Structures are given as C-alpha cells and as structure tokens.
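Heads up, the thing below is written out as structure tokens.
Model, not experiment: these values are computed from the prediction.
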There are 2 protein chains.
Amino acid sequence: MRVVTVVHSAPSLADAPPLRVESMLRGVGSYAPMCAICSMCRQREACLPVGLVVDPAVGRSQNVGRRRRVARSAPLYRTGEHFGMFHAIRLGSFKTTLLLENGQEQVGGFYLPGEILGSDGVDTGLYGCEAVALEDSEVCSFSIDALEAHVDVQSGTGQIMQRVFGREIAREQRVMLMLGTMAAEQRLAAFLLDLSQRYAALGYSSREFVLRLTRAEIGSYLGLKLETISRMLSRFHRDGLIQVQGRVLKLLDLEALKKLLDRST
Amino acid sequence: MRVVTVVHSAPSLADAPPLRVESMLRGVGSYAPMCAICSMCRQREACLPVGLVVDPAVGRSQNVGRRRRVARSAPLYRTGEHFGMFHAIRLGSFKTTLLLENGQEQVGGFYLPGEILGSDGVDTGLYGCEAVALEDSEVCSFSIDALEAHVDVQSGTGQIMQRVFGREIAREQRVMLMLGTMAAEQRLAAFLLDLSQRYAALGYSSREFVLRLTRAEIGSYLGLKLETISRMLSRFHRDGLIQVQGRVLKLLDLEALKKLLDRST
DNA sequence: CGCCGTCTTGACGAATCTCAAATAAAGTGG
DNA sequence: CCACTTTATTTGAGATTCGTCAAGACGGCG
C-alpha cells in the first residue's frame with residue numbers, strides 16, 4: 001500500500017508559493033526572515049516571496065542586486081573563485097560543500113529562501129566553499145560596494161553586513177555545538193526541528209516538508225554516514241515521531257523530538 | 001628520569017614576550033596577525049606585542065579601544081550579556097564556551113594574541129558564548145560605533161569588519177570540517193598543527209609550546225572525551241611524533257602529523 | 001605532608017562505521 | 001511511454017572506534 005501525500009514545500013520555480021505576508025513580517029526570532037537590503041530594491045514587490053523584510057519607511061528604490069537563475073545541481077559559485085558577491089536566495093534552496101584534500105566532500109550548510117550565501121569568501125577574497133542549487137533556484141546577487149552606494153552614510157552598511165555575518169556566525173556556532181556534543185539521534189532530531197522552524201518562518205508548514213538533501217548529504221552535514229541517517233529515520237518512524245517516505249517528511253510529534261535534545265551525554 | 005625543557009610560550013603578563021616585528025609583519029597567510037584597527041590607535045607602539053599589523057601610512061592616531069586586564073579563569077564576557085564591544089587580545093589567551101541546556105559546557109574556540117573576540121554577539125545583540133581567560137591576559141576593547149567615528153568614510157569600516165567577521169566565519173568553517181569528517185587521531189593532529197601555525201605567526205616556536213587548555217577542554221573543543229585526548233597524546237608520543245609532559249609539548253615530526261590528515265575515511 | 005584537580009591507563013560496552021545485498025526511485029534514450 | 005541504466009535507500013551482520021567506569025599516578029599548593 002502506498003500513501004500519497006501532498007505536502008507544502010519550499011517555493012520553487014514550478015509552483016509559485018502563496019504569499020503569507022503576515023507570517024513573514026511576524027517576528028524577529030532566530031529564523032525570522034531578514035535583510036534591510038531589499039527595502040531599497042526596486043524589485044521588492046516581486047521579490048516578496050523570498051520573505052525578506054520590507055521597511056516602507058525607506059524612500060529609496062533602486063536595483064541593488066542582479067537576479068540570476070541557477071538550475072538544479074548547478075553551482076552558484078565554486079571553491080576558490082574570486083569573491084565579489086553575496087547572494088540572497090529568492091527561490092529554491094542550496095547546499096554548500098567543502099572539498100577536502102583527499103577528495104571527500106563535506107556538506108557545510110543548507111540554505112533556504114531569504115538566507116544569504118557567500119559570507120565565506122570574505123576572509124580570503126576567494127569563496128571558501130561551493131554553493132550548489134538543490135532545485136531550480138533564483139538568487140539576487142549584490143556586492144558590498146554596490147550596496148554601500150545605495151545606503152545613506154548615517155545608518156551605514158554596518159547594520160546590514162553585521163546582520164548577514166552575525167547570522168552566519170551564529171549558524172555555524174550551532175552546527176559546531178551539534179557536531180561536538182550530540183549523538184546521532186539528537187543530531188538528526190535537531191536537524192529536523194531546525195528545518196521545521198525555518199520553513200515555518202517562511203510561512204510554510206512546520207510539520208510537513210520535502211527533504212531537499214539525500215541521506216548521504218544529510219549525513220555529511222551531520223557528521224554521520226548515510227546508513228545511520230536511514231536507520232535513524234526508520235527508528236523515528238517506527239516510534240511514531242515522524243512519517244517518512246523517501247524525501248517526503250511529516251513530523252508527527254514535535255514535542256518528543258524536542259525532548260530527545262534535552263538528554264545529557 | 002625527568003626531562004626538563006624550557007619552551008617558548010604565548011606572551012603573558014609575567015614574562016614579557018620578545019618583539020619579533022619582522023615575523024609579525026611578514027605575511028597574510030591563513031593565520032597572519034591582522035587588523036587595521038590598530039593602525040589608528042595611539043597605543044599602537046605599546047600594543048605591538050600582540051602582533052597587530054601597523055599601517056604607517058595612516059595619519060590619524062586616537063585611542064580606539066580601552067585596555068582591560070582579565071585575570072586567569074575570569075570571564076571577559078558572559079553568555080547573554082549585552083553585546084557592545086569587540087575585544088582584541090593583547091596578551092594571554094582565551095577560550096569561549098557555550099552552555100547547553102542540560103548544563104554541559106562545550107568549548108567553542110581558543111584564541112591567541114591578535115585575535116578578536118566578540119563576533120558571536122552581533123547576531124542577537126547578546127553575546128552567544130562566554131569568553132574566559134586561560135591565563136592572566138589583557139585585551140583592547142572597542143565598539144563598532146567608536147570605530148566608525150575614527151575611520152574616514154571613504155574606506156569605511158566595512159573593510160575592517162569584513163576581516164573580523166570573515167576570519168571568524170573561516171575559523172568556524174574549519175572547525176565544522178574537522179568535527180564533521182575527522183577521526184579522533186586526525187582531530188588532535190589538526191589541533192596541534194593549528195596551534196603550531198598560530199604560534200609561528202606570532203613569532204613563537206612552531207615546535208614547542210605550552211598547552212593552555214586541559215585535556216578535558218581540548219576534548220570538548222574537538223568533540224571527544226578527555227580520556228581519548230590523553231590516549232592519543234600518549235600514542236603520538238610513543239610513535240615519536242611528539243614529546244609531551246603535562247602541558248608542555250614538543251612537535252617532533254610535523255610531516256608525520258600532516259600525513260595523518262590526508263588519510264581518507 | 002596531604003588534599004585536590006589533572007592526567008594516565010585498563011577493561012568493557014555501546015554507538016557508529018563498514019561491507020554487502022536487495023529494493024526502490026529517478027533519470028535516459030529510443 | 002517503455003525498457004534500461006543509474007542513483008538512492010533500506011536493512012543486516014560484523015568490525016572498529018570511542019565513550020564509560022574505575023583505579024591509580026602525578027603535580028601544585030596550602
């Protein structure tokens with residue numbers, strides 16, 4: 001018997017996502033959509049679906065960024081390329097991967113609409129990782145220089161860049177914490193809850209979504225092997241915490257998942 | 001039989017470190033000392049020991065930061081405190097720790113002179129971790145606002161903040177990579193080589209130094225238990241890669257240590 | 001000198017990885 | 001749209017690594 005379920009998913013080029021402005025503008029929580037950049041962009045109406053915050057008080061209206069489509073599994077940028085741009089995701093999703101000396105690749109992050117790629121290139125002037133689209137996607141690329149030209153000196157670009165970088169640093173800190181302290185079961189639970197929150201912040205269901213990553217990619221991201229991910233998903237399913245069929249996921253018991261994280265050791 | 005060795009160590013308040021300007025100004029490699037901030041500081045001559053880069057071309061000379069001493073095992077800032085300042089380390093060393101819900105603490109970073117603490121507070125406006133001095137130390141604290149007042153609008157603070165944030169992001173990315181892909185042996189080797197490079201960049205020996213962290217702290221940082229750290233150090237010692245006696249460490253075979261990192265799996 | 005925090009080492013067990021095989025799903029070319 | 005190829009997923013059995021528990025050694029300090 002096959003259960004077919006229609007679930008909400010991240011916005012894609014195929015199915016235009018519904019606008020849910022109220023939830024987009026709602027909060028400033030850990031995953032609330034952000035970025036004052038777009039308040040200055042001429043495209044901001046069309047761009048709303050990405051969930052960037054609009055500040056109607058700002059009068060300027062210019063094209064800050066350049067829109068660009070990236071086909072599924074195509075790179076937005078590659079390791080070692082010259083860094084020049086940040087990229088705000090308008091539609092779709094991306095992973096970033098780091099290449100190790102021995103040829104392995106490690107998934108370093110998973111990014112949704114409204115999130116910003118490229119911070120890793122700032123240090124050396126070269127992108128430190130590769131960003132690959134997980135589905136047909138669209139980004140808005142902008143350079144810091146271009147940005148500075150559009151922001152009045154008073155507020156400075158500091159505010160904006162601080163938020164961009166601060167987010168990334170905070171995100172990486174959470175990942176480090178997870179990798180450093182959690183067992184496999186907890187890592188996966190944390191990952192699923194993280195996705196749940198982020199989809200919710202975008203106005204999508206927090207309990208049903210499609211995994212855009214393979215088991216191997218999730219495993220890489222969590223510092224585990226794909227078999228372990230598969231086993232854990234099966235266990236969660238068996239225990240009634242989730243319902244999983246391929247990449248279609250339903251979180252049945254968010255409380256139980258959260259409880260898994262409290263356990264020490 | 002006990003071998004007593006005098007080794008170079010990080011600068012401390014007790015023993016004034018030798019000035020080695022040539023090596024401090026040398027490179028822009030991964031761990032080269034950095035920060036244009038200090039080029040504007042009235043204290044810059046006295047501050048040189050921390051290894052911050054001085055740009056004599058800049059004419060201005062003001063007190064950008066406020067000097068502050070932090071006693072061993074005292075906190076520079078605590079989790080949840082209001083974020084206002086960045087802190088450049090002038091002397092000594094710090095660890096940052098994250099507090100988990102269940103009471104455990106995780107070491108998130110280890111910082112040496114010339115490195116900058118506090119980036120983790122930018123996102124939320126509250127420090128995301130606790131910074132504790134590992135020995136009697138001294139920092140130079142400055143706010144972004146104060147900094148902006150001293151920098152001419154042309155160059156902007158963007159350059160400076162980008163470097164600060166970029167460093168931290170790159171550092172965290174390396175840690176994630178380590179935690180996500182390496183076995184215990186490789187993690188410890190990577191940690192030792194990292195220290196080696198960083199001490200070298202400060203003008204100290206890259207082959208002999210004192211560990212400022214306990215085995216438990218190293219373990220926490222590397223996502224391992226203190227017993228594992230102890231065992232690995234013993235193994236490296238037995239295999240002739242290092243010489244270790246308590247916290248006094250000598251790297252005998254850097255090449256072999258590097259080779260450990262190449263191994264796949 | 002004796003306490004206490006740190007470190008070392010051993011024995012054992014649990015968690016995770018490795019290898020392997022079978023199944024399911026997705027992509028491809030005709 | 002089908003047949004076929006490739007890739008992804010599940011599951012099991014056994015190996016390995018690392019954590020846990022415990023005992024004792026070391027070293028600094030009052």
d(CZ, A:Phe236; P, D:dT11) in whole Å: 15 Å
Heavy-atom pair of closest approach, residues B:Val107 and B:Ser220: N-OG, 2.8 Å
A:His237 NE2 - D:dT11 C1' separation (whole Å): 15 Å
Expected rows: protein N/O vs nucleotides 5-7 of chain C N/O, under 3.5 Å:
residue : atom : partner  : partner atom : Å
C:dC7   : OP1  : B:Arg247 : NE           : 3.0
C:dC7   : OP2  : B:Arg215 : N            : 2.9

Is a side-chain donor or acceptor of B:Arg69 paired with a backbone partner of B:Glu138 at a separation under 3.5 angstrom? no
What's the CG-P distance between A:Leu222 and C:dT16, to the nearest Å? 12 Å
Heavy atoms of B:Cys140 and B:Arg90 approach each other most closely as CB-CD, 3.8 Å
Expressed in angstrom and rounded to an integer, what is the separation of A:Gln245 atom CD from D:dT10 atom C1'? 14 Å
Please report the interatomic distance CD1(B:Ile242) to CG(B:Leu249), rounded to the nearest 0.5 Å. 5.0 Å
Whole-Å gap separating P (D:dT20) and CD1 (B:Ile229): 13 Å
Minimum heavy-atom distance B:Glu115-B:Arg198, with the two atoms named: OE1-NH2, 2.8 Å
Check whether any side-chain N or O of B:Ser93 sits under 3.5 Å from a backbone N or O of B:Leu134 as a donor-acceptor pair, and report yes or no. no
Can you tell me if B:Glu172 uses its side chain to pair, donor with acceptor, with the backbone of B:Ile169 under 3.5 Å? no
Output the rounded distance in Å from CD (A:Glu217) to C1' (D:dT7). 12 Å
Hey, is the main chain of B:Gly118 close enough, under 3.5 Å, to the side chain of B:Tyr77 for a donor-acceptor pair? yes
Length of the line joining B:Leu179:CG and C:dT16:C1', which is rounded to integer Å: 16 Å
Results of side chain to side chain donor-acceptor pair (under 3.5 Å) for A:Tyr127 - residues two or more places apart only: A:His87
Axial bend angle, the helix from C:dC1-D:dG30 to C:dG30-D:dC1: five-pair end segments, nearest 10°: 50°
With the criterion being N/O to N/O and under 3.5 Å, what pairs connect the protein with nucleotides 12-14 of chain C, and how long is each?
none

Listed partners of B:Arg235 passing side chain to side chain donor-acceptor pair (under 3.5 Å), at least two apart: B:Glu185
For a quick test of reading the model, state the closest non-hydrogen atom pair linking B:Leu179 to B:Leu222 and the distance between them. CD2-O, 3.3 Å
Heavy atoms under 4.0 Å is the rule here; annotate nucleotides 12-18 of chain D 5' to 3' with B where the base is hit, S where only the sugar-phosphate is, and - elsewhere. BB----S
If the threshold is 4.0 Å, N to carboxylate O, is there a salt bridge linking B:Asp123 and A:Arg167? yes
From CD of A:Gln186 over to C1' of C:dT16, roughly how many Å is that when rounded to an integer? 14 Å
Got a donor-acceptor contact below 3.5 angstrom from the B:Arg212 side chain to the B:Phe110 backbone? no
